[in-house]
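Take a look at the structure set out below.
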There are 2 protein chains.
Amino acid sequence: MKFNIKDVAKRAGVSISTVSRVINSSKPVKPKTKDRVLEAIEELGYRPNAIARSLKVKHTQSIGIMVPDIANQFYPEVVRGIEDVANMYEYTIFLCNTDLDYEKELQYFTELEEKQVDGLIFMGNLISDALAKQMADAGIPVVLIGTQHDEMPSVTIDNAKAAKDAVCHLIQKGHQRIGIITGKMKDPLMGKARLEGYRQALQEAAISWRSELVVEGGYRFKSGYEGARQLLMLDEMPTAIFVASDEMAIGAMRAILEKGLRIPQDIAIMGFDNVDMAGKVYPSLTTIGQPMYEMGAIGTRLLTKYLQGEVVTASQVVLDYELIERESS
Amino acid sequence: MKFNIKDVAKRAGVSISTVSRVINSSKPVKPKTKDRVLEAIEELGYRPNAIARSLKVKHTQSIGIMVPDIANQFYPEVVRGIEDVANMYEYTIFLCNTDLDYEKELQYFTELEEKQVDGLIFMGNLISDALAKQMADAGIPVVLIGTQHDEMPSVTIDNAKAAKDAVCHLIQKGHQRIGIITGKMKDPLMGKARLEGYRQALQEAAISWRSELVVEGGYRFKSGYEGARQLLMLDEMPTAIFVASDEMAIGAMRAILEKGLRIPQDIAIMGFDNVDMAGKVYPSLTTIGQPMYEMGAIGTRLLTKYLQGEVVTASQVVLDYELIERESS
DNA sequence: TTGTAAGCGTTATCAA
DNA sequence: TTGATAACGCTTACAA
């Protein structure tokens, strides 16, 4: 019960080329025959086979998207942004979860390459050399979101500057003893850069660096909780904590609340990301808002430009963030 | 710089058929020639073209997945489950956000059909007649997750029973005056069924129904917040509220906390879903745990069975839920 | 304005 | 164990 272009041609009493022409409006067709074709298509419930078409035209109108873990708070929103504009430009998206595993990244890339995706959106940590090489060899346009690479277009925010602003905000609120729960130190953007911002803010305010106030975290709830507990055990507790991700910040809040301390009166908290949850917890979380949806949308728009051969002026776009003041500070 | 099977055949000094045979291990090839072919593949960096292959073999090793909104708390986890087992069975997934819009569902389905997906995972409300018809006509295997249809396989939980258990739990805790913030009343599963569970629990406990204690919500944070405020304005406030989704429950908690009331001492809260956030808010949320990852994984496993022509014994699987008692009750 | 036919990169049948 | 060759369903010169 599955028909092809030949079937409709026969039914309409025309050649397959005319059918093709009415499907794609690629060449003028006499209105009358066009109607006959349309009618035949309708009657048979014919659907063109995009696979066959792709084989011929050499593009698939599909793009791959690699993401560490869609179940992780941060990504769904940016994936939504990606999907919306991809859809707008008539692309469908292949979703791949890499778990930040270089092997998996490589393997998925190969799979996507074989499936002839027109382009790729990549999210994750640094791109491994092997992956970079394969991307270059494949000749598939790639845009990075939330990470950078010398030879690839990307959309990011200025993590160091954002972190600095965050800490400055705390300082302006009168805090002098400010703790930090960082990201992973081997992660240059979310880890090191945000710590660097913290350092700069303190320096500008002439607040001396105290190593007991910085604890390394790992982005997830639990490490925020544990990091905060560690900070709370100090003889002199911080009066504010800057936490390098919202999820950790919410873990930190729990640690504080469990101790019977008040937020922000006893300890102020500042997160990073503006994950959906940040505005919903109580007290709500003051944070650095990454424009997640926009990052996805703009990154994809950038990709479509490459795909359509448009000239792109800025290939490494860094977006504005926003300091969102809520109840926790 | 892109090679095809012909190029490697030439380079290896064999015919394209032998190359095909070594790629697919479909027929024995003399070890020596096999090595030559492998070598040629390696040297050229050849990648088989899956599109061409699909055209010939008539399947694409890809499945579509339609979800209302990936940015909505509930879905990322199930999508992760889907992707994991899809990947295990060598399928890649096309992700589509429908926004619960019948038009969009139809449109996406058509797109997926044209792209020749081997199967489809559908999440959303009731399937519209138009969609059901098109699915049947297309002859593409579909499995439903979180919703049902007479003629289609699905994986769900027993919403009414789960809701009843939830309310019984509240009753056991000594509550007699129990409010409910429901889902949408036009939604049979998450809306009506959960309300029905509430009704049954009250009835069994011989607690009389009071219409001022039931307010209709809409799943999202805001409607939970507003619903709770409405309940809190009653002359006799409820001592417990059963909320038909975690996100609403968290909105309800805010309304309560803002009034200076304590959870669970003044008002107990019970949610539904066990979204990631439920265990992270403070106080943490007692809720009905839907096995989201498993729903995705099992649904996809079911789909692969259809795709591989295996016999399936149970096509409408209803999974167990779990009452997760935390701090809010 | 329409039709014929070559070709996209594979797999699979058939013969050798 | 291998090689020629006809599909798969479409688009696109080129001819008519």
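Residue numbering restarts at 1 for every chain, and letters A, B, ... go by the order of the sequence lines. Quick note: numbers below take in every heavy atom, side chains included, and nothing from hydrogens, waters or symmetry partners.
- The side chain to side chain contact (heavy atoms under 4.5 Å, CB included) test with B:L95 singles out one residue from A:V79, A:I82, A:I70, and that residue is A:V79.
- Listed by chain and number, the residues in a side-chain hydrogen bond (donor to acceptor under 3.5 Å, both in side chains) with A:D118 are A:T60 (sequence neighbours excluded).
- Chain B approaches DNA chain D within less than 4.0 angstrom (heavy atoms of the protein), and the contacting nucleotides run 5' to 3' from D:dT1 to D:dG9.
- Under the ring pair (Phe, Tyr, Trp, His ring centres under 6.0 Å) criterion, A:F94 pairs with B:F94, not counting sequence neighbours.
- Heavy atoms of A:T33 sit under 4.0 angstrom from primed sugar atoms or phosphate atoms, though from no base atom.
- Between the side chains of B:T18 and B:R21, no donor-acceptor pair is found at a separation under 3.5 Å.
- The environment of NZ in B:K104 is crowded: more than 12 heavy-atom neighbours from other residues, nucleotides or ligands sit within 6.0 Å.
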note = Counting primed atoms, P, OP1 and OP2 as sugar-phosphate and everything else as base, the B/S/- map of nucleotides 7-16 of chain C against protein heavy atoms under 4.0 Å is BBBBBB----
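- Between its two ends, the helix from C:dT1-D:dA16 to C:dA16-D:dT1 turns its axis by 40°, counting five pairs per end and rounding to 10 degrees.
- With sequence neighbours excluded, the residues that form a side-chain hydrogen bond (donor to acceptor under 3.5 Å, both in side chains) with B:E43 are B:R11.
- There is a side-chain donor-acceptor pair under 3.5 Å between A:Y293 and A:D84.
- Looking at B:K115, its side chain never comes within 3.5 Å of a backbone N or O of B:T110 through a donor-acceptor pair.
- For A:D69 (side chain) and A:A71 (main-chain N/O), a donor-acceptor pair under 3.5 Å exists by modelled atom type.
- Checking B:Y219 against B:N72 by side-chain atom types alone, no donor-acceptor pair falls below 3.5 Å.
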